[in-house]
Participant: 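Handing you a structure now.
Nothing here was measured: the structure is a model prediction, and the numbers come from that model. In the text below, chain A, chain B and the rest are named by the order of the sequence lines, each starting its count at 1.
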Amino acid sequence: MASSSSSGLTFKLHPLVIVNISDHYTRVKSQMNHSSSATTTNDDNNNGAQPRVYGCVIGIQRGRTVEIFNSFELLYDPSTHSLDRAFLEKKQELYKKVFPHFYILGWYSTGSDAQESDMHIHKALMDINESPVYVLLNPSINPAQKDLPVTIFESERISVDHVAHLKPSDGGSAATQLAAHLTGIHSAIKMLNSRIRVLHHYLVAMQKGEIPCENSLLRQVSSLLRRLPAIESEKFQDDFLMEYNDTLLIAYLAMFTNCASTMNELVDKFNTAYDRHSRRGGRTAFI
Amino acid sequence: MQSIENLVTQIQGLSSNASDITALKDYLKAAEDLLRSESTRLLSFLDQLDPSKHSLGYLYFLEPCMYCSITKERANTLVPIIARFITSCSAEQIRYVPEKFINVCKRYKDQVLLLEAPIRGVGPMLTAIRKIQSSTEHLTTLHPEFLQLCLLAKCYKAGLSVLEDDIYEINLPRDFFLYCYYGGMIFIGQKRFRKALELLHNVVTAPMSSINAIAVEAYKKYILVSLIHHGQFSSTLPKYTSSAAQRNLKNFSQPYMELVNTYNTGKIAELETYVQTNREKFESDNNLGLVKQVVSSMYKRNIQRLTQTYLTLSLQDIANTVQLNSSKEAEMHVLQMIQDGEIFATINQKDGMVRFLEDPEQYKTCEMIEHIDSSIQRIMSLSKKLTAMDELISCDPLYLGKAGRERQRFDFDDFDSVPQKFNI
């Protein structure tokens, strides 16, 4: 159901959500048309013919699979560019009573593309869910389009200071898939690194005596450390080092080629600029 | 009108911090003529100045002494003074007037050579280079002087410390030519032929608007070292060589090109006769020692060729194929080559057989990882510098003018407003 994701997360969107969003939008739009035919003044709150509606999506996240089950509407306050917080929390409580397993996974809106102002809402939601998703429904009817005009954006926790970065999760080619894969690995390693650093800091402080020694924690740390290395034989070392060296050599070769190509261009430019008797028409392209 | 005593007091007073020193510099610059006229008396005043604290003033006083004609006795007195100055002077102060400092060091080198003790100059000259360099990537005029001293004093190791640095900044092209030429000679002396080849290659392919003598001499050595190291020589120069070099270098090194041809036949006897007949030419270029090394490298080349055909071979057969006199000589040669790492083989002394082996490097050690990693780091920094240079030259107006002009000739539909000349 979900098209290719460039981040490693799989999304499952229940049709109820789509119907909900579309219903919300249709209601608002018809009410707007109705009220504008009665009162001919133009409201500032209307975005021309296409109003934007907002709401929350709820569902379950299991590992790398995100399943969006339901949604509810929210009030948007255009003056502060934020959603009504009290209302959101009340609704959340009510839904929690009926569906205890569902969490707030993110929010939805209508329109054709993500906008900068959406970042505020996104950031506001980040204290409920550390990486919310943003579901965008494009209500303009396009008879040529066969797919549903739904896009799901998700943010990447790049650093600890809540810098949210929106990326589309459909339409991946080989290059973006590789980039997504590497980005995933990179963020995983970064997280591991920061966690280990915290532990190290803690242990150093314990060693200096600034923090009282906690034996249970020390036991946990020592058991964690004993889990690696997993294999210790000499044949493994040999094979591992050989493969590691092979990868390094390939990287080296790639850099070499890159350097050689830059050098080649530099030499060509230099010859064109400074050599008085350079060969005419040496390698110029014929159009 | 200033007097020298006044200047001395000025120097002593104004040498403490940067603003004073700039004032002092202007003072001294104004007094230059006075100093030059009184150059004979200046030496006596030097005792009143401390070379480490009053370096700028000391330098101004020292430099005019260099211009008078130098005799051996005078050199004897001057040399220790200058050596002491160089070792103890303060680098920031002398950087205000680098030309004077370079001048003093050059004259110092001449005097040391006059006294026929080049080794005395090696240490101070190295200190001088380190003081005047803005960074280790900077090539100063003192570099080739220093290398020349090392060559004459035969202390090649001292020169190596300077040659290991990568150079990215040059003041004068002549410095670069001389530096690479002398550096190549030092590496030849150390028998590190690969590095020698690199440096000589740099001289030969460096940009030059017209051919110069350093490049010609370097090309001759380049041919010889290429034969020793690679066993072959290709006369085509890479495309970044200047056109002046490409056209003219071969004309000046005819006997060497013929040496290459004789070498390629693979026959030692022919090579030796050729060397004998052209002995004086090689001697006049001071290349006879190198040519003799070329001849002995011929044996190595032939043995290496054998590794590609045979898996095992007896020592007697090796001696016969390579035209050596006895199997004992063959054994010595093979042993030497195994020690130098040029071939991989085992000698079985019982039956006099040699087995040729493959390169045993398995690439599975941690040292290899570090080696490759350091190479990758070096190439990353090189790549950054190259991209920076590429961008710089793309914005160069000289390049843009010529690149635009080349495009015009093929783009007839392009109605550019750039004025063009029609070359018919």
Participant: Kindly check if the number of other-residue, nucleotide or ligand heavy atoms within 6.0 Å of CD (B:E99) is above 12?
Facilitator: yes
Participant: Chain B: which of A:D246, A:T262, A:D239 shares the most heavy-atom pairs with it under 4.5 Å?
Facilitator: A:T262
Participant: More than 12 heavy atoms of other residues, nucleotides or ligands under 6.0 Å from CD of A:E210: is that the case?
Facilitator: yes
Participant: Tell me every residue that passes salt bridge (Lys or Arg N to Asp or Glu O under 4.0 Å) with B:K385, counting only those two or more places apart in sequence or in another chain.
Facilitator: B:E137
Participant: Which region of B:P238, side chain (C-beta onward) or backbone (N, CA, C, O), has a non-hydrogen atom less than 4.5 Å from a non-hydrogen atom of chain A, or is it both or neither?
Facilitator: neither
Participant: Looking at A:L266, A:L241, A:N245, which makes the most heavy-atom pairs under 4.5 Å with chain B?
Facilitator: A:N245
Participant: With a 4.5 angstrom heavy-atom cut-off, which part of A:F256 approaches chain B: side chain, backbone, both or neither?
Facilitator: both
Participant: About how many Å separate NE2 of B:H371 and OH of A:Y252, when rounded to the nearest 0.5 Å?
Facilitator: 7.5 Å
Participant: Would the number of heavy atoms belonging to other residues, nucleotides or ligands and lying under 6.0 Å from CE of B:M389 be above 12?
Facilitator: no
Participant: Output the distance between atom CE (A:M263) and atom CG (B:L382), rounded to the nearest 0.5 Å.
Facilitator: 6.0 Å
Participant: Which atoms of A:Y244 are under 4.5 Å from chain B, going by heavy atoms: the side chain, the backbone, both sets, or neither?
Facilitator: side chain
Participant: What distance do A:L249 atom CG and B:I376 atom CD1 have between them, rounded to the nearest 0.5 Å?
Facilitator: 8.0 Å
Participant: Report the option among A:Q237, A:K269, A:M242 that has the most heavy-atom pairs separated by less than 4.5 Å from atoms of chain B.
Facilitator: A:K269
Participant: Counting only heavy atoms from other residues, nucleotides and ligands, does the tally under 6.0 Å from CD of A:Q207 exceed 12?
Facilitator: no
Participant: Look up atom CG in B:D390 and atom CZ in A:F270, then write down how far apart they are to the nearest 0.5 Å.
Facilitator: 13.0 Å
Participant: I'd like to know which of B:T387, B:I369, B:L398 tops the heavy-atom pair count under 4.5 Å against chain A.
Facilitator: B:I369
Participant: Looking at B:Q304, I'd like to know if its CD atom is crowded, meaning that more than 12 non-hydrogen atoms belonging to other residues, nucleotides or ligands lie closer than 6.0 Å.
Facilitator: yes
Participant: Would you say B:H230 has more than 12 foreign heavy atoms packed within less than 6.0 Å of its NE2?
Facilitator: yes
Participant: Starting at CG of A:L248, measure out to CG of B:D373 and round the result to the nearest 0.5 Å.
Facilitator: 6.5 Å
Participant: Flag yes if more than 12 heavy atoms outside B:L311 fall under 6.0 Å of its CG atom; otherwise flag no.
Facilitator: no
